[in-house]
Amino acid sequence: MTIGTMTLSTRILIADDEPQMLASYRDCFAIGPASNDELAALGADLFAGGNEAPTAADFSNICFDYVSQGEHAVAKVADAINEGDPYAVLFLDMRMPPGIDGYETATRVRQLDKNINIVVVTGYSDHSPMGIAKVAGPIDRLFYVTKPFKTSDIQQLAQSLAARWNHDIALRAAHQEVENKLTVIEKVNVQLAASEARCRHISLHDHLTRLPNRTHFGDFTENLLLRGKGPVSVLLLDLDHFKNVNDTMGHAAGDELMRQLADRLRSETPEGALLARLGGDEFALAVEGITEAAAQKLANQLVKVCAKEFEIMSTRVFVGASVGIATNTTESIGVSQMLRCADLALYAAKNAGRNTWRLFAPEMDESAQTRSHIERRLREALKTDNLRLVYQPVIDLVGGSALGYEALLRWTDDELGDVPPALFVPVAEQCGLASTLGEWVIRNAVAECATWSTGYVSINISPHHFQSRDLISCVMREAASHDLPLNRLQFEITETAMFTNPLHAAEVITQLRSVGIRIALDDFGTGYSSLVNLRDFELDCIKIDKSFIETLGEDRQASAIITSVTAMARMLGLNVVAEGVETAAQVQALRLLGCGMMQGFYYSLPLASAEMPYHHVSDEVVDSEPLPGDAKPLAA
């Protein structure tokens, strides 16, 4: 056996009360002091074929001990265990007068050592093997040999059991090593999960009131709208004259007022609803499955609890609140639109004298006609192909080159001018154009990528388009028509798209990846980001939201979140891309935090396909130099 780096001989114990038998055992194993010839001759009569010459068995790595009584055998086994060098095998005679017999000896030995191999040696038939097995088992470590026996049988049995014993030791050591490693891995997983949970909580909650923040509220409300189980109401609350408290009593008093107000609003929040602090003195409540009348009653109650006095720093303080209500009972609208409608209603409540509430009405929205006009012009742009794509490179810091390019949709209208995606994309989702717009992007991004000599194209897929059954057939059809390998395509999806219908999402992701299309989780850290998502969905890449990059060097929480994300990604074999990198300081900080892939204005503004810094397939010159890791921004 081996202890550390030191190898010890395997030990075998022989217990027999007859001196001639012990001498014969010594001759059989050919080690130890020379045996008495007369005793050996007598013992040989007990061995079948006793005149045969001992074979050339090798027992150089086995140490043999001999005792003549059962009590001595038990004591030897106990001493060996205490010394940390136990016996591998015990050859045990069943009759050893005047002491305890082999039956009792085997019983005591097995109680001391559960791993020792016991070979019961007897020339009598009054000892039942099954009876011995009951007290000296397990059966796979108990052997029964009757006298007379051949020398070669005993030699082979000794060698085989010694080898088996050593193998068992090695196997147990390997099992223990695996268990130790699994224990370490489990501890790391627990620590990582705890760290991830803390980071997720920090990223989704307001540090002052411990309420969910704007990001959490947006994701929660969007999920309510997408699953469509009932009408959704958003109540937007803003304190009246809160600035007076900060100006007269200081910001510490203002913070305490925010904490007390949050506690009051919690007590009025219905079960299943979400209360959030959006910033400053603005709070929001999202409720599912209530009527407009119930929403108005809830708003009135919120106004009442805010009107009651607060005790701040031993001073009685009175503030009021105004509430704006928006519901989706009459039309399907998104989160941003609901918040905008609630904000318009809140503005109307303040104009009505404050300390009251108002329900959004269409006449409050002066831009309703503008949205309708955008919808008409967008439909026309899709018909006339009056849209375009620009591309922002994803830079690999190790090689300094652009690995791929994110496709970004742009629209310049003859009447409206440059329309930002933040304006026309929500309109497309509201009027049912999300899938049509998504197919236009796929069709044109695939066509342009096919003209590139290198790099993949990354395409953003909206939650509505991701639920479309035609998504997979659309992308495969377009890729085939341009002979573009599917492994040069990447889809960027948000967690909202996955949570709307997790089973369908997992199926679509699996199908996309099975044909070679990569999947990136976009805006990681701003939604319901968790290890569960990374475990349950097959992903290739995580894109850290730019809101964390912007606060690097100012917010320690951002650094903690980025460090945790990169650590998780390495363990799961995922790539990590930092979005919105704009300064050399951010590049250096991200490099130190372990992020090796970046994207942002620091490297390049979004470029048209023809403007990108490489040559197309049709070009005859060689590829241009890769983008350096510390390059200055490229001109658009």
Side-chain angles (χ1 to χ4, degrees), residues 222 225-226 332-337 374-392 404-413 419-450 456-482 484 486 488-501 504-513 515-523 527 537 539-541 543 606 609:
E222 184 172 8
L225 294 171
L226 287 173
S332 177
I333 59 177
V335 176
S336 59
Q337 180 65 8
I374 289 174
E375 178 185 339
R376 290 195 299 272
R377 296 302 299 170
L378 182 57
R379 291 184 184 275
E380 183 66 22
L382 285 167
K383 289 181 181 179
T384 60
D385 217 26
N386 189 28
L387 298 166
R388 60 190 173 89
L389 293 175
V390 292
Y391 301 89
Q392 191 166 51
Y405 302 84
E406 180 181 356
L408 303 172
L409 183 60
R410 296 292 183 262
W411 177 29
T412 302
D413 185 70
V419 186
L423 182 59
F424 70 80
V425 170
V427 172
E429 293 177 346
Q430 294 166 19
C431 66
L433 288 176
S435 295
T436 305
L437 196 62
E439 290 174 2
W440 187 96
V441 172
I442 290 175
R443 183 167 60 252
N444 287 270
V446 167
E448 292 188 330
C449 182
Y456 64 86
V457 64
S458 191
I459 303 172
N460 290 277
I461 305 296
S462 73
H464 291 81
H465 193 196
F466 187 72
Q467 299 299 321
S468 170
R469 296 183 179 181
D470 299 328
L471 175 62
I472 297 177
S473 59
C474 171
V475 66
M476 295 188 68
R477 180 177 64 251
E478 295 300 329
S481 67
H482 294 281
L484 181 68
L486 291 171
R488 292 185 63 188
L489 295 176
Q490 175 174 280
F491 280 176
E492 297 188 18
I493 61 176
T494 63
E495 289 175 290
T496 299
M498 295 192 298
F499 271 107
T500 302
N501 189 338
H504 175 71
E507 180 181 352
V508 173
I509 290 173
T510 299
Q511 292 176 356
L512 290 171
R513 294 186 78 250
V515 298
I517 298 174
R518 288 176 292 211
I519 303 297
L521 182 59
D522 198 15
D523 300 333
F537 296 94
L539 303 173
D540 298 283
C541 176
K543 302 192 75 173
S609 178

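A heavy-atom distance below 4.5 Å is found between the side chains of Phe491 and Leu471. By the 4.5 Å heavy-atom criterion applied to side chains, Cys449 and Leu484 are counted as neighbours. Between Val419 and Thr412, every side-chain heavy-atom pair lies at or beyond the 4.5 Å cut-off. Taking 4.5 Å as the limit, some side-chain heavy atom of Arg410 sits within range of a side-chain heavy atom of Pro421. The side-chain heavy atoms of Ile509 and Phe466, taken from C-beta on, include a pair separated by under 4.5 Å. Leu486 has its side chain out of reach of Leu512: every pair of non-hydrogen atoms, C-beta onward, lies at least 4.5 Å apart. For the pair Leu408/Leu389, no side-chain contact is recorded, criterion being any heavy-atom separation below 4.5 Å from C-beta on.
Under the salt bridge (charged side-chain N to carboxylate O under 4.0 Å, His left out) criterion, Glu492 pairs with Lys543, not counting sequence neighbours. Applying the salt bridge (charged side-chain N to carboxylate O under 4.0 Å, His left out) rule to Asp540 yields the partners Arg513; only residues at least two apart in sequence or on another chain are considered. Residues satisfying the salt bridge (charged side-chain N to carboxylate O under 4.0 Å, His left out) criterion with Glu375, sequence neighbours excluded, are Arg379. Evaluation of the salt bridge (charged side-chain N to carboxylate O under 4.0 Å, His left out) rule for Arg377 yields Asp413, Glu415 as partners, not counting sequence neighbours. Taking the side chain to side chain contact (heavy atoms under 4.5 Å, CB included) definition, one finds that Gln511 meets it with Ile472, Glu507, sequence neighbours left out. Every residue two or more places apart in sequence or in another chain that forms a side chain to side chain contact (heavy atoms under 4.5 Å, CB included) with Ala428 is listed here: Leu378, Leu433, Leu437.
One distance of note links OG of Ser336 with CD of Glu222; it measures 8.5 Å at 0.5 Å rounding. Rounding to the nearest 0.5 Å places CD1 of Ile442 at 4.5 Å from NE2 of His465. The distance from the OG atom of Ser481 to the CE atom of Met476 is 12.0 Å, given to the nearest 0.5 Å. Remark: Ile461 CD1 to Gln467 CD distance equals 12.0 Å, nearest 0.5 Å. Put simply, CZ on Arg477 and NE2 on His482 are 10.5 Å apart, with the number rounded to the nearest 0.5 Å. With rounding to the nearest 0.5 angstrom, the CD atom of Gln490 is 14.0 Å from the OH atom of Tyr405.
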**OP:** Might you work through the side-chain contact (heavy atoms from CB on, under 4.5 Å) test for Ile493 and Asp522, ending with a clear yes or no?
**Re:** CA-CA 6 Å; Ile493 61 176; Asp522 198 15; over 6 Å; no
Subject >> Trace of the side-chain contact (heavy atoms from CB on, under 4.5 Å) decision for Phe537 with Leu521 >> reply: CA-CA 10 Å; Phe537 296 94; Leu521 182 59; over 6 Å; no
Original post:
Should Val475 and Val515 be marked as a side-chain contact (heavy atoms from CB on, under 4.5 Å) after you check the CA-CA gap, both sets of side-chain angles, and the distance that decides it?
Top reply: CA-CA 11 Å; Val475 66; Val515 298; over 6 Å; no
Original post:
Between Leu387 and Leu382, is a side-chain contact (heavy atoms from CB on, under 4.5 Å) present by the stated rule, with each step listed?
Top reply: CA-CA 7 Å; Leu387 298 166; Leu382 285 167; 3.6 Å; yes
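Listed here is the closest heavy atom pair of Arg388 and Leu409: O-CD1, 3.6 Å. Among all heavy-atom pairs drawn from Pro606 and Val390, the shortest one is CB-CG2, 3.5 Å. Residues Leu423 and Pro426 approach most closely at O-CD, 3.6 Å, considering heavy atoms. Of all the heavy atoms in Leu226 and Pro463, the pair that sits closest is CD1-CB, 4.3 Å. In terms of heavy atoms, Ala506 sits closest to Thr510 at O-OG1, 2.8 Å. Counting all heavy atoms, side chain and backbone alike, Ala445 lies closest to Tyr391 at CA-OH, 3.7 Å.
With 3.5 Å as the limit, one finds no donor-acceptor pair spanning the side chains of Glu406 and Ser458.
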